Undergrad: 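Below is a structure I'd like to ask you about.
Side chains are part of it too, since the values below use all heavy atoms of this structure and drop only hydrogens, waters and symmetry mates. All values derive from a computational prediction rather than experimental measurement.
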Protein chains: 4
Amino acid sequence: MVSTNNHKGKEAITKQRKRQILNAARDVFSRKGFAEATTAEIAQTAGVSEGTIYNYFASKRDLLVSLIGGYALDESLLNLFKSPTINAIDSLPALLEDRIDIGFENSDLLTLLLAEIQRTPEFGEQYSGQVLNPGLALLKTYLDMRVKNGTLRPVDTEVASRAVVAMVVGLIAVHQIEGKDGFLANYPVKDLADEVANILSVGLGTKK
Amino acid sequence: MVSTNNHKGKEAITKQRKRQILNAARDVFSRKGFAEATTAEIAQTAGVSEGTIYNYFASKRDLLVSLIGGYALDESLLNLFKSPTINAIDSLPALLEDRIDIGFENSDLLTLLLAEIQRTPEFGEQYSGQVLNPGLALLKTYLDMRVKNGTLRPVDTEVASRAVVAMVVGLIAVHQIEGKDGFLANYPVKDLADEVANILSVGLGTKK
Amino acid sequence: MVSTNNHKGKEAITKQRKRQILNAARDVFSRKGFAEATTAEIAQTAGVSEGTIYNYFASKRDLLVSLIGGYALDESLLNLFKSPTINAIDSLPALLEDRIDIGFENSDLLTLLLAEIQRTPEFGEQYSGQVLNPGLALLKTYLDMRVKNGTLRPVDTEVASRAVVAMVVGLIAVHQIEGKDGFLANYPVKDLADEVANILSVGLGTKK
Amino acid sequence: MVSTNNHKGKEAITKQRKRQILNAARDVFSRKGFAEATTAEIAQTAGVSEGTIYNYFASKRDLLVSLIGGYALDESLLNLFKSPTINAIDSLPALLEDRIDIGFENSDLLTLLLAEIQRTPEFGEQYSGQVLNPGLALLKTYLDMRVKNGTLRPVDTEVASRAVVAMVVGLIAVHQIEGKDGFLANYPVKDLADEVANILSVGLGTKK
DNA sequence: TATGAATGAGGCTTCATTCAT
DNA sequence: GATGAATGAAGCCTCATTCAT
């Protein structure tokens, strides 16, 4: 029992230590980008020594891989596309508000992700498979249903679902370009979401 | 005359050499990102020696600055938002097709731009001022006109113009994530543009 | 206690390592001059790798600054002008012998110092303040006293003290120019000191 | 005749061009030191292009060699030790004033010389042979004469002549260390020369 | 002969990774 | 397991020298 507990305790500690380092890596990577992030700064941010990182991760690159493939992004950027419940979709303004909010908050991570996907296409496949596709699939299912019951025009839902996602991602990018003094950064997110939802939904609705 | 010609010739050669190096820099930066690009690779790509770069640019960073601020992007990514003529806007599908085409072709540059804007907010200001804002302004003028003459709902055109741009940028980003075997990369651009234009324009149109 | 000891041990090692590198820097700088000294040679001389230098000093220049401003020269060239005790002054031949000996041994450092003072006047101020002026002040105090009690002519002791120092420095310079086969390098230092002391002291003494 | 004149003209032009470049080299070397001087700056200072330098000198180092061995320094620093006439020596204050004046004005060159002699002992031999020794010899001859006719104590004139030179050189060095706001730089050269001459000459004189 | 663009060797510096404690 | 000093590969940049014009 004791040793079991110790084991569990050790595993828990190990897991917690990995998390601690990954969080630090996420912060530094998203601020500096992968290449300009230093293990020294990650260690300092995590409150551990540089050597300790290598007790938990094989390399700096392994940190990035764990970050993009792992649970660590789940709680921030990844939620951007993560399966909303069908119910959530039903309220497009609320859904958009939620996603825009998360996205603006984590636009650095989106940039990091785009940049690293570019250098390592596998990241794109991984991210597509784990995050983007499930989200798109759910969206598509929902749109298909509404097309079938006649509350939507018979659009190509494969495209339409991507258009919805693209709208959110694009707003994040424009927000990033405009900066903290730009228009989007200072427009109430709720109003933004309402306007955009309106544009999208009315556009997708059947004409009378 | 002779010396004048010589002068002109030298200036022309200098300009052409700068262009040659900037083109190489654009290639390598967009492929590797700024930090991971090496001056050695840029030189090799440009077909000059490493030292030669420094006869034309003060530093590697100066290459980036010249690239983002200069004419070098004008012919590719910058066109993404560069003032389309009012006439061009009139045909939303054609406009979107054009921009999506350019964007898919240069998605690496969009990523580069986003990443470097994040590290150097001045780049964002510069890009906003020189490229994004003029494009948005033109779009807004056009939308305002159509709102006034009743062919569009009275939307917030400040938001709506950004939504249109965001849609394009977002599609580029999603395309980038999905990769060359993804859905968007293999969907006919013309059809994509038609679909998206439909979503946007019908959504923006007055309900009967 | 243990951790305290460890701390002390680490600090001691750090200090010792800095010293080790500074000593190497002094050797190489004085042999090659600052600009022509390479960090590679300093590292090799110190018996560490090149990167290690930068764990202790911010830059090659910082090595020079630490060298000129720090304790590292105290034990060699700096003693040249460092406050001798009044007693020591009393025996001018002994004082001169001591200083000439030190100076001949470290003429490379004098040259280094002069050269770098020329490029960085702050070094001159620093060296004047920390080393030269205190030495001159002591010398002047002593000369003033002897003027007052009549064992010296009423010379301008501000000038006279500099003359004494200049004599030593000049001998070192001439020795440097003549080289190891030159006259001064092969003249017994004690005899040289006696002769020069005679020239100076009789010259400074009252005429009967 | 014509061709001869042309030849003479060409030679004259060549000589004049060499001189022009050497002067520039002297300026830059004495300001920056040999290693930190760049051929670019020398060319600019000389008002020629970088390539032109290599039409007259084999290398940057050759510039230094020509400078130290050649006529180019003759007109400034070299005069420091260059054979004064016996008559000139007769007035020690005047001689010292002259030399101190030249020396203070050209202390950068003295520093340059010392530094480069250190790296290239041949320079020291060359300088000793061409400049220092002749000067010392003349001084010694003069001192010997005065010893013989009883107006000087029977000092070792080999040492005494070096002491006189050392005094001048040392004053220059101290002046260099103290900088332009230091004591020596702001003391009237004539008074300084008088004081020092007094110290030296009375010291060298026979006691009554 | 004058030019100055091109070259490339070599220097300083950074930083991911290792390893002895 | 934690530490952080040591390492050395690799990158950016400088600058003496060459050479085609």
Undergrad: Rounding to an integer number of Å, can you tell me how far C:Glu36 CD sits from F:dT14 P?
TA: 19 Å

Undergrad: In whole Å, what is the span from the CZ atom of C:Phe34 to the C1' atom of E:dC12?
TA: 10 Å

Undergrad: Do the side-chain N or O atoms of C:Tyr54 get closer than 4.0 angstrom to the phosphate oxygens (OP1, OP2) of E:dT14?
TA: no

Undergrad: Measure across B:Glu116 and B:Ile68 and return the closest heavy-atom pair with its distance rounded to 0.1 Å.
TA: CB-CD1, 4.3 Å

Undergrad: How far does CG of B:Leu114 sit from CG of A:Leu110, to the nearest 0.5 angstrom?
TA: 7.5 Å

Undergrad: Could you run down nucleotides 2-8 of chain E 5' to 3' and tag each one B, S or - for protein heavy-atom contact under 4.0 Å?
TA: BBBSBBB

Undergrad: If the cut-off is 4.0 Å, is D:Thr39 near the phosphate of F:dA16, judged by side-chain N/O to OP1 or OP2?
TA: yes

Undergrad: Rounding to a whole Å, what distance do you find between B:Gln44:CD and F:dA10:P?
TA: 16 Å

Undergrad: Both distances below 3.5 Å, Watson-Crick or wobble geometry, any strand: find the nucleotide opposite F:dT21.
TA: E:dA2

Undergrad: Need the pair for E:dG10. Rule: Watson-Crick or G-U wobble, both distances under 3.5 Å, any strand; none if unpaired.
TA: F:dC13

Undergrad: Identify, between C:Ser59 and A:Lys60, the residue whose nearest nucleotide on DNA chain E lies closer to the 5' end.
TA: C:Ser59

Undergrad: Under a 3.5 Å threshold, yes or no: a donor from one side chain and an acceptor from the other, between D:Gln20 and D:Arg17?
TA: yes

Undergrad: What distance do B:Leu112 atom CG and B:Asn106 atom CG have between them, rounded to the nearest 0.5 Å?
TA: 11.0 Å

Undergrad: Nearest-Å distance, CZ (D:Phe57) to C1' (E:dT1)?
TA: 15 Å

Undergrad: Rounded to the nearest 0.5 Å, how far does OG1 of D:Thr39 lie from CD1 of D:Ile21?
TA: 11.5 Å

Undergrad: As an exercise, state the distance from OG1 of D:Thr120 to OH of D:Tyr127, rounded to the nearest 0.5 Å.
TA: 15.5 Å

Undergrad: F:dC15 C1' sits how many Å from D:Leu63 CG, rounded?
TA: 14 Å

Undergrad: Distance check needed: F:dC13 P versus B:Ile21 CD1, whole Å only.
TA: 14 Å

Undergrad: When the distance from NZ of C:Lys32 to P of E:dG11 is rounded to whole Å, what number comes out?
TA: 10 Å

Undergrad: Spell out, as yes or no, whether a donor-acceptor pair under 3.5 Å connects the side chain of C:Lys60 to the backbone of C:Phe34.
TA: yes

Undergrad: Measure the distance from NZ on A:Lys18 to C1' on F:dG1 and round it to the nearest whole Å.
TA: 15 Å

Undergrad: Under 4.0 angstrom, heavy atoms only, what part of the nucleic acid is C:Ala37 near: base, sugar-phosphate, or nothing?
TA: sugar-phosphate

